[in-house]
Amino acid sequence: MVRLTRSRFLRQLTAGFLGLFCALVFAACGSSTTPTGGDATSTGASPAAGGDTLTFAIEPTFAPFEFTDSNGQLTGFDVDLLNAIAEEAGFTVNFQTSQFDGMIPALQAGTIDGAISAMTIKPERARVVDFSRPYYRSGLAIAVQSSNAEITSFDNLSGKRIAAQTGTTGATKAEEAQGDVRLFDNLPLALQELSNGNVDAVVHDAPAILYAIKTGSVQNIKTVGDLLTEEYYGIPLPKGSPNLERVNQGLTAIIENGTYAEIYRKWFGAEPPELPEKAPGIE
Ligand code: GLN
């Protein structure tokens, strides 16, 4: 696997987003990249013969991973990915919208079969849920107002008002900064606070911040410094779930047959990086 420095990785992520508009234009023109997806109670995957339906929680304000399009349809990289995995593994997905920080408790209670929401595989979570193999390489970034010349790295966050999303890796990182951390239910709310000048910085996943900047869904924002972390997203299922192997087999199959790369190119306008079979530091 090619190792990238964090700053090079951030540049690569940014470059990938330049191709994004083309991908979106193609989708809007109705080419073969038309997004699949469903609303909160249905799915874009066609039911497999004899297959069962599994309910996955999803937090639909995290573009480009999961969000609702202008027709109110659930769409995004994670939606396409899980539908492709399901098709391969012979099940149908029922997407159930949920708050991000409610997912682990719901998985522990066994009220859902899984979740997909750009969730970072980390040891504390892996102790209470089972994760699929990694499906996306990510990292945390700092966002500030475009005019801010004072904050250029994590060290500058000390004493600052920092917005993050409840229950995320960004919130955990923000707590290390010795600042005044303000928690929000989702990324758009945190970025809006930054745009309005009510906080000095946001710490959250780089690809989602960069997408919000590139698509203009938030104004007057830029990212600064290098990526703060290297993280891998996985699909969490309840501990001991009989579906873990199916999800992993489906994911491995679409990585090997090129479907994963197709979905990655569609949403990120770049070739996917090589993915490890296990997230670093996770058994
Ligand atoms: N990747 C981050 C985490 O797992 C944030 C995910 C999200 O906000 N959907 O904590």
Side-chain angles (χ1 to χ4, degrees), residues 6 9-10 13 37 40 56-68 74-82 95-108 112 114-143 162-177 181-194 201-213 217-218 223 227-237 264 267-268 273 275-276 279-282:
R6 284 180 186 162
F9 177 43
L10 183 59
L13 268 180
F56 282 77
I58 191 160
E59 195 285 299
T61 67
F62 204 62
F65 297 94
E66 39 270 325
F67 60 107
T68 44
L74 188 59
T75 188
F77 176 79
D78 283 354
V79 175
D80 284 353
L81 185 81
L82 188 57
F95 288 105
Q96 182 176 295
T97 58
S98 159
Q99 291 274 95
F100 183 76
D101 65 340
M103 290 177 185
I104 300 273
L107 289 162
Q108 287 183 279
I112 48 176
I116 187 152
S117 268
M119 189 181 285
T120 301
I121 302 170
K122 58 176 209 164
E124 297 83 343
R125 291 173 179 162
R127 274 198 281 278
V128 294
V129 298
D130 280 344
F131 277 101
S132 70
R133 60 178 289 181
Y135 72 81
Y136 184 87
R137 180 167 184 245
S138 188
L140 295 172
I142 302 168
I162 313 161
Q165 181 183 332
T166 310
T168 61
T169 49
T172 305
K173 188 72 191 170
E175 295 292 351
E176 293 171 17
V181 177
R182 314 214 174 153
L183 295 175
F184 295 87
D185 281 346
N186 57 50
L187 177 63
L189 288 174
L191 288 178
Q192 199 50 55
E193 283 292 287
L194 177 59
V202 168
V203 177
H204 216 312
D205 298 31
I209 293 175
L210 291 171
Y211 188 89
I213 293 171
S217 69
V218 66
T223 57
L227 288 183
L228 304 176
T229 54
E230 180 188 51
E231 306 187 3
Y232 288 90
Y233 298 161
I235 301 171
L237 296 100
Y264 193 99
W267 290 104
F268 302 106
L275 291 167
I282 306 281

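Both counts, for ligands and for their atoms, begin at 1 and track the order of listing. Sequential numbering from 1 along the given sequence is applied to the chain's residues.
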In chain-and-number order, ligand 1 lies under 4.0 Å from a heavy atom of each of F62, F100, S117, A118, M119, T120, R125, Q165, T168, T169, H204, D205, Y233
Sorted by chain and number, sequence neighbours left out, ring-ring contact (aromatic ring centres under 6.0 Å, His included) with F131 holds for none
Only distances under 3.5 Å count here; give the side-chain donor-acceptor pairs of residues 114-125 to other protein atoms, sequence neighbours excluded, each with its distance to 0.1 Å.
from, atom 1, to, atom 2, distance (Å)
S117, OG, E59, N, 2.8
T120, OG1, E231, OE1, 2.6
R125, NH1, T120, O, 2.9
R125, NH2, G167, O, 3.0

Q) Can you check whether I213's main-chain N or O pairs, donor with acceptor, with S217's side chain at less than 3.5 Å? A) no
Sequence neighbours excluded, the answer for side chain to side chain donor-acceptor pair (under 3.5 Å) partners of Y135 is D78
Between L183 and A171 the two heavy atoms that sit nearest each other are CD2-CB, 3.8 Å
| field | pair F65-D205: side-chain heavy atoms closer than 4.5 Å | value | no
